[in-house]
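Working notes, structure below.
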Amino acid sequence: MTDSKYFTTTKKGEIFELKAELNSDKKEKKKEAVKKVIASMTVGKDVSALFPDVVNCMQTDNLELKKLVYLYLMNYAKSQPDMAIMAVNTFVKDCEDPNPLIRALAVRTMGCIRVDKITEYLCEPLRKCLKDEDPYVRKTAAVCVAKLHDINAQLVEDQGFLDTLKDLISDSNPMVVANAVAALSEIAESHPSSNLLDLNPQSINKLLTALNECTEWGQIFILDCLANYTPKDDREAQSICERVTPRLSHANSAVVLSAVKVLMKFMEMLSKDLDYYGTLLKKLAPPLVTLLSAEPELQYVALRNINLIVQKRPEILKHEMKVFFVKYNDPIYVKLEKLDIMIRLASQANIAQVLAELKEYATEVDVDFVRKAVRAIGRCAIKVEQSAERCVSTLLDLIQTKVNYVVQEAIVVIKDIFRKYPNKYESVIATLCENLDSLDEPEARAAMIWIVGEYAERIDNADELLESFLEGFHDESTQVQLQLLTAIVKLFLKKPTETQELVQQVLSLATQDSDNPDLRDRGYIYWRLLSTDPVAAKEVVLAEKPLISEETDLIEPTLLDELICYIGTLASVYHKPPSAFVEGGRGVVHKSLPPRTASSESTESPETAPAGAPPGEQPDVIPAQGDLLGDLLNLDLGPPVSGPPLTTSSVQMGAVDLLGGGLDSLIGDNNFGAPPAAAVPARVGAPIGSGLSDLFDLTSGVGTLSGSYVAPKAVWLPAMKAKGLEISGTFTRQVGSISMDLQLTNKALQVMTDFAIQFNRNSFGLAPAAPLQVHAPLSPNQTVEISLPLNTVGSVMKMEPLNNLQVAVKNNIDVFYFSTLYPLHVLFVEDGKMDRQMFLATWKDIPNENEAQFQIRDCPLNAETASSKLQSSNIFTIAKRNVEGQDMLYQSLKLTNGIWVLAELRIQPGNPSFTLSLKCRAPEVSQHVYQAYETILKN
Amino acid sequence: MIHSLFLINSSGDIFLEKHWKSVVSRSVCDYFFEAQERATEAENVPPVIPTPHHYLLSVYRHKIFFVAVIQTEVPPLFVIEFLHRVVDTFQDYFGVCSEPVIKDNVVVVYEVLEEMLDNGFPLATESNILKELIKPPTILRTVVNTITGSTNVGDQLPTGQLSVVPWRRTGVKYTNNEAYFDVIEEIDAIIDKSGSTVAAEIQGVIDACVKLTGMPDLTLSFMNPRLLDDVSFHPCVRFKRWESERILSFIPPDGNFRLLSYHVSAQNLVAIPVYVKHNISFRDSSSLGRFEITVGPKQTMGKTIEGVIVTSQMPRGVLNMSLTPSQGAHTFDPVTKMLSWDVGKINPQKLPSLKGTMSLQAGTSKPDENPTINLQFKIQQLAISGLKVNRLDMYGEKYKPFKGIKYMTKAGKFQVRT
């Protein structure tokens with residue numbers, strides 16, 4: 001006699017029959033009928049019509065029947081809210097039952113009835129159950145609060161259930177604690193702002209105690225909750241870690257991974273010199289390896305997380321390469337993940353093993369996997385230089401197999417290897433060319449065309465090869481078309497005599513017959529370049545390419561740090577922050593790794609930077625190549641200055657507006673050059689008490705024609721970085737006008753002419769007010785002093801740091817780029833004196849969090865002299881008070897863009913340290929104003 | 001937390017659904033079916049599938065997909081572990097876990113699922129607690145229930161639910177007190193073409209069957225506990241004691257349970273008990289290929305290797321195979337291209353071999369991939385890692401139990417590349 005009989009009644013009138021049975025007098029028949037109803041419900045049949053009849057069966061002593069009816073109620077109460085009220089009385093009664101199992105069952109079922117009308121009746125029984133003497137009832141009631149919150153959040157808050165729930169965290173029973181934590185976590189997820197889980201060392205201690213005694217699921221909740229806590233110092237972090245590590249040996253992999261999350265996060269706070277740090281690292285490896293012997297689904301999630309862990313702390317698993325070797329009957333999703341981690345762990349020490357494995361995989365059946373394995377070989381070559389040769393020969397072996405998709409993948413990766421190691425493996429080109437005909441995927445075709453174009457001078461029949469691709473030009477994908485266009489132009493520049501016809505053909509195909517704007521634009525640019533200045537074209541098209549990076553798919557560090565906080569969650573599986581995919585407008589709180597803070601007793605913390613340390617004075621050097629290009633293209637360069645170099649086709653510059661710079665100017669000028677590979681360090685505002693500033697001091701002493709403090713000139717662009725042109729300079733402010741004082745020195749052997757200057761957009765809109773006037777050509781070893789007037793009407797873009805200025809200078813030789821920091825006080829305007837009343841009102845009006853306080857040390861001035869010194873730089877003293885022997889100066893200043901800064905300078909006679917408090921609506925300028933203060937006061 | 005559960009058979013029918021919160025329409029499974037279609041084999045269906053409003057996490061066991069639906073950020077391992085627990089519980093209750101059995105016991109299944117989760121939070125997942133709440137069906141009980149009208153739902157609060165030892169109920173009584181421990185080790189290995197080991201590791205478990213009266217407190221010690229540096233324990237094991245003394249001290253659950261699982265990694269030397277000699281060649285021009293494999297013992301510590309089964313997935317180009325084994329029986333399925341050879345015991349004096357020819361598809365080039373040989377075997381009375389139990393002591397009870405320890409080594413994922 002089995003339950004399958006309940007499924008067999010599918011004939012018509014079934015509902016009617018069941019109805020009769022439910023109303024039967026015989027208990028046995030009733031129960032059978034309810035079972036049938038449940039069975040129908042389970043397979044998705046609609047039996048809601050039987051609601052009143054089933055509810056009638058609820059008043060029974062038979063526990064099984066009661067449970068079955070409860071099951072039914074939960075499913076259908078929503079569709080029959082009026083009927084469901086009939087059940088309320090029974091619930092209230094059951095909550096008083098002497099049997100705790102019935103009390104718990106009632107409170108559990110109550111919460112599952114998602115009907116607004118009913119919830120109000122349930123508050124009283126729930127309140128009672130939350131304080132029940134039996135922990136089983138309490139723990140069930142804790143979950144019920146979460147259920148109720150899901151239905152009616154306001155009600156739960158009004159009734160004070162959240163506070164009761166918080167109290168349960170201190171319950172004597174660990175299971176109750178665990179459920180309370182779970183319920184609070186779930187509620188907190190829908191209310192990210194509320195401080196429901198406000199953890200303090202005491203509650204943490206309670207959680208850690210409960211952790212040892214509750215069920216495995218409870219441990220997961222508690223560990224996940226612990227992970228949100230930020231210990232106050234490294235001691236606390238270490239003691240929590242010590243109590244969490246035993247969880248790494250738990251049989252439940254979810255417990256293990258949650259424990260790993262806590263440890264990975266808190267480890268961030270531990271000093272690397274600590275013995276415990278090393279111990280912890282060692283302890284982390286075995287549990288991670290063990291996860292890989294679990295069921296494949298668990299393996300998959302574990303592998304996605306290991307992928308993050310390996311990127312964050314590669315040392316943990318560096319000796320465990322072999323466990324990631326692929327078994328042929330692993331599911332494909334596990335295989336692909338293992339492969340990814342293998343490449344991350346590949347190093348010189350294990351590369352031989354890895355390569356042998358990868359070669360093995362490349363002969364497997366599954367196409368996706370084989371492709372990825374071939375790609376992996378290429379990535380190994382790029383990552384481990386010593387292995388490049390072996391990788392290339394492995395790839396050649398694979399090409400010999402002539403398996404179509406293997407050949408295509410191999411060619412794509414060989415292209416990257418050529419990029420990484422130019423002029424090293426070109427001997428293999430012949431082999432590659434043999435397979436030209438079998439390539440049918442755009443990526444492989446594009447790669448092959450790139451290779452042919454790049455090495456056109458070494459391939460005898462390059463023109464024939466490219467011509468053969470040209471025949472079906474319009475059927476190719478855009479990727480291939482663009483590549484083909486560039487390759488043929490490259491070929492033409494290398495072998496102009498034989499290929500004139502070919503290049504004309506491709507240019508006309510690209511510009512006249514194509515609908516694709518990218519292709520047309522690129523075609524036009526090449527065409528005009530070639531027709532006006534082939535030399536420039538050569539420099540542009542055949543320019544040196546930026547290096548290919550080693551790890552192309554590393555997760556960006558800030559995202560990685562965030563994801564480490566989400567180990568074991570869906571976010572870690574998708575490698576995306578929860579904000580990227582969590583449903584609805586719930587404000588997701590961004591988690592971040594805790595900063596390393598040492599306890600006050602700890603002596604070993606050399607890395608801790610003092611809080612609020614001023615950022616280094618070193619101006620920003622124009623950084624990496626990629627950023628550079630982006631920045632330069634933002635430069636609003638006028639006609640006399642040459643435009644940014646065009647990139648070669650190998651760099652796909654999707655968003656670059658090549659035409660925006662003014663094609664005419666591009667073509668009219670012949671000064672093309674690659675951007676400088678390294679940027680130019682520049683220094684400004686170095687505190688040197690040189691004679692120059694003394695001179696200025698003299699002039700400022702004369703009277704009202706005062707100008708603000710001027711820093712001595714510093715070298716902005718050293719000669720060796722700029723083909724012999726050395727530029728040093730400083731910024732001045734004289735009677736309301738800002739200027740840039742430049743000193744140009746020609747250290748080259750040829751005469752320099754045709755100077756021009758441009759600024760990139762910057763925070764305060766600084767721009768040259770007049771062109772750079774160098775009257776006579778600058779002959780070798782000659783120096784010229786120029787004062788370039790500036791205005792602040794240029795376009796504005798916030799820079800980092802705020803006072804960063806990127807400059808381009810051109811002469812007949814080349815264009816040079818450098819960046820410098822300007823002192824903020826050149827922007828302090830003359831009418832920066834605020835009315836007293838106004839000052840008072842504004843000071844109160846600006847919120848306190850905008851106030852910044854600084855110390856100015858070693859400044860042996862009194863209030864009078866300081867005030868007058870500052871005044872000459874347009875910092876105006878509005879009032880002066882003497883409080884308890886200290887002089888308080890209240891000052892104001894205004895920036896060119898109308899931002900007011902209010903200051904309170906506290907000077908204690910005899911003490912060379914001043915205290916400066918700044919208030920401003922734009923608090924980001926405070927730091928720079930402070931620096932200006934310091935510079936002015938000390939010179 | 002876990003919202004709903006769908007059980008789907010391999011032909012894509014949803015035959016059971018359970019919702020712990022509001023009802024999620026079964027149309028959400030359409031996304032699963034899409035993924036199922038894309039994956040060539042059932043094993044390859046990805047375990048995490050995103051849909052616009054939900055996430056589907058699935059496990060595939062006993063030819064059934066257990067698909068859990070979640071709506072918020074829930075640790076996926078938590079869900080997957082739970083799903084495996086559900087399958088284990090079904091197996092525990094009904095002996096096997098299959099579609100007909102689940103349908104036969106649908107009411108019990110439903111009741112069990114209801115007890116396992118409350119609002120998506122795990123409630124009772126320990127089998128001894130569940131069994132007290134809902135008695136597993138037995139033929140006898142079914143008969144008794146029909147006669148007396150009693151039910152298989154317990155009406156007492158399960159005692160283990162709240163005690164500090166939730167895995168054990170009080171008042172256990174046996175006439176014969178016995179405790180058996182099985183040390184079972186599985187070797188996972190990849191052997192390359194030339195016979196050298198690419199990777200090898202041992203996954204070991206100690207499964208126990210403890211039938212002891214009252215509240216016994218056991219300690220188990222090893223001759224060489226040093227081997228166990230990577231272990232996962234049953235919650236009953238006192239971790240502190242293990243850390244300090246390398247002794248397993250625990251109050252055991254009643255009945256069958258897994259005390260410990262361990263992992264001996266590739267860095268320690270793993271002895272490989274068998275070798276496979278193979279000579280498989282697909283000739284380019286002719287449509288016949290040669291096939292020959294021999295299996296022999298290697299490091300067996302003098303024990304016999306038995307239960308040897310050799311399987312291999314042959315390339316698609318192989319039409320049929322004509323082979324003669326020196327012992328045992330073999331089959332080749334021309335549709336799935338699966339070769340299977342049940343060898344049985346290995347006699348070191350007369351090594352078993354399988355020889356013959358393969359007929360290949362005419363006119364096509366030789367297959368690109370080489371078949372991998374999969375090996376299964378068993379060695380009784382041997383733990384290949386060398387792990388040995390020293391002694392088992394019992395405290396807390398007066399009687400003298402009967403104790404037994406058994407060792408066994410098996411092949412796990414043991415693969416030989418050709």
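Remember, it's a predicted structure, so these values are computed and weren't measured experimentally. The figures here come from the full heavy-atom set of this structure, side chains too, leaving out hydrogens, waters and symmetry mates.
Among the candidates B:Val74, B:Asp188, B:Asn374, the residue making the largest number of heavy-atom pairs closer than 4.5 Å to chain A is B:Asn374. Listed options B:Glu41, B:Glu243, B:His84, B:His19 were ranked by heavy-atom pairs under 4.5 angstrom with chain A; first place goes to B:His84. No other option in B:Val79, B:Val59, B:Val231, B:Asp192 has as many heavy-atom pairs under 4.5 Å with chain A as B:Val59. Per-residue heavy-atom pair counts under 4.5 Å with chain B were compared for A:Gln353, A:Glu364, A:Glu186, A:Lys402, and the maximum is reached by A:Glu186. Each of B:Phe233, B:Phe121, B:Trp242 has some count of heavy-atom pairs under 4.5 Å with chain A, and the biggest count is that of B:Phe121. The candidate from A:Ala182, A:Ala104, A:Ser258 with the greatest count of non-hydrogen atom pairs under 4.5 Å with chain B is A:Ala182. Between chain B and the residues A:Thr290, A:Val301, A:Thr140, A:Asn252, the most heavy-atom pairs under 4.5 angstrom are made by A:Asn252. Ranked by heavy-atom pairs under 4.5 Å with chain B, the first of A:Glu295, A:Gln219, A:Met321, A:His250 is A:Glu295. Annotation: maximal heavy-atom pairing with chain A below 4.5 Å, among B:Ile190, B:Ile80, B:Asn119, occurs at B:Asn119.
By the salt bridge (charged side-chain N to carboxylate O under 4.0 Å, His left out) test, B:Asp230 is found to be paired with no residue, residues two or more places apart in sequence or in another chain being considered. Residues passing the side-chain hydrogen bond (donor to acceptor under 3.5 Å, both in side chains) test with B:Thr125, sequence neighbours excluded: A:Trp217.
If you measure heavy-atom distances from A:Tyr70 to chain B, you find no contacts under 4.5 Å at all. With a 4.5 angstrom heavy-atom cutoff, A:Lys335 does not touch chain B via any of its atoms. Contacts between B:Val198 and chain A at a heavy-atom distance below 4.5 Å involve backbone atoms as well as side-chain atoms. With a 4.5 angstrom heavy-atom cutoff, A:Phe324 does not touch chain B via any of its atoms. At a 4.5 Å heavy-atom cutoff, the contact between A:Ile220 and chain B is made by side-chain atoms alone. Contact of B:Ile70 with chain A is made through the side chain alone, with heavy-atom distances under 4.5 Å. The part of B:Gln203 that comes within reach of chain A is its side chain, from C-beta onward, which places non-hydrogen atoms under 4.5 angstrom from that chain. No part of B:Val237 comes within reach of chain A, as not one of its non-hydrogen atoms sits under 4.5 angstrom from that chain. No part of A:Val34 comes within reach of chain B, as not one of its non-hydrogen atoms sits under 4.5 angstrom from that chain. Residue A:Val573 touches chain B through its side chain alone, counting heavy-atom pairs closer than 4.5 Å. Within the 4.5 angstrom heavy-atom criterion, only side-chain atoms of B:Arg85, from C-beta onward, approach chain A. Heavy atoms of B:Gln415 lying under 4.5 Å from chain A belong exclusively to its side chain. Looking at A:Tyr300, only its side chain comes within 4.5 Å of chain B, counting heavy atoms on both sides. Contacts of B:Thr372 with chain A are made by both backbone and side-chain atoms, with heavy-atom separations under 4.5 Å. Proximity to chain A (any heavy atom under 4.5 Å) is shown, for B:Tyr262, by neither the backbone nor the side chain.
Contact between A:Gly568 and B:Pro76 at its shortest, heavy atoms only, is O-CD, 2.9 Å. Taking each heavy atom of A:Ala251 and B:Ser232 in turn, the nearest pair found is CA-CB, 3.8 Å. Taking both residues in full, the closest heavy atoms of B:Leu123 and A:Lys139 are given as O-NZ, 3.9 Å, listed atom of the first, atom of the second, then distance.
Residues B:Phe239 and A:Asn212 fail the side-chain proximity criterion, which asks for heavy atoms closer than 4.5 Å. With contacts defined as side-chain heavy-atom distances shorter than 4.5 Å, the pair A:Lys147/B:Asp118 qualifies. The shortest distance between side-chain heavy atoms of B:Tyr60 and A:Glu297 falls below 4.5 Å. No side-chain heavy atom of A:Leu257 sits less than 4.5 Å from a side-chain heavy atom of B:Pro75.
Atom CG of B:Leu77 is separated from atom OG of A:Ser572 by 8.0 Å, given to the nearest 0.5 angstrom. In this structure, the separation between CD on B:Glu186 and OG on A:Ser293 is 9.5 Å, given to the nearest 0.5 Å. The line from CZ of B:Phe78 to CZ of A:Phe221 is 4.0 Å long, rounded to the nearest 0.5 Å.
Using a cut-off of 4.0 Å between Lys/Arg side-chain N and Asp/Glu carboxylate O, B:Glu115 and A:Arg108 are scored as salt-bridged. At a threshold of 4.0 Å, the pair A:Glu357-B:Arg417 counts as salt-bridged, since one of the basic side-chain nitrogens sits closer than that to a carboxylate oxygen.
The backbone N or O of A:Thr569 lies less than 3.5 Å from no partner atom in the side chain of B:Glu73, so there is not a single donor-acceptor pair. Checked by atom type and distance alone, the side chain of B:Asn44 pairs as donor or acceptor with a backbone atom of A:Ile332 at under 3.5 Å.
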Report task. Go through the steps for A:Glu360 and B:Lys193 under the test salt bridge (charged side-chain N to carboxylate O under 4.0 Å, His left out), then give the verdict. Result -> CA-CA 10 Å; A:Glu360 196 69 43; B:Lys193 279 188 189 61; 3.8 Å; yes
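In this structure, a donor-acceptor pair under 3.5 Å is absent between the side chains of A:Asn329 and B:Glu43.
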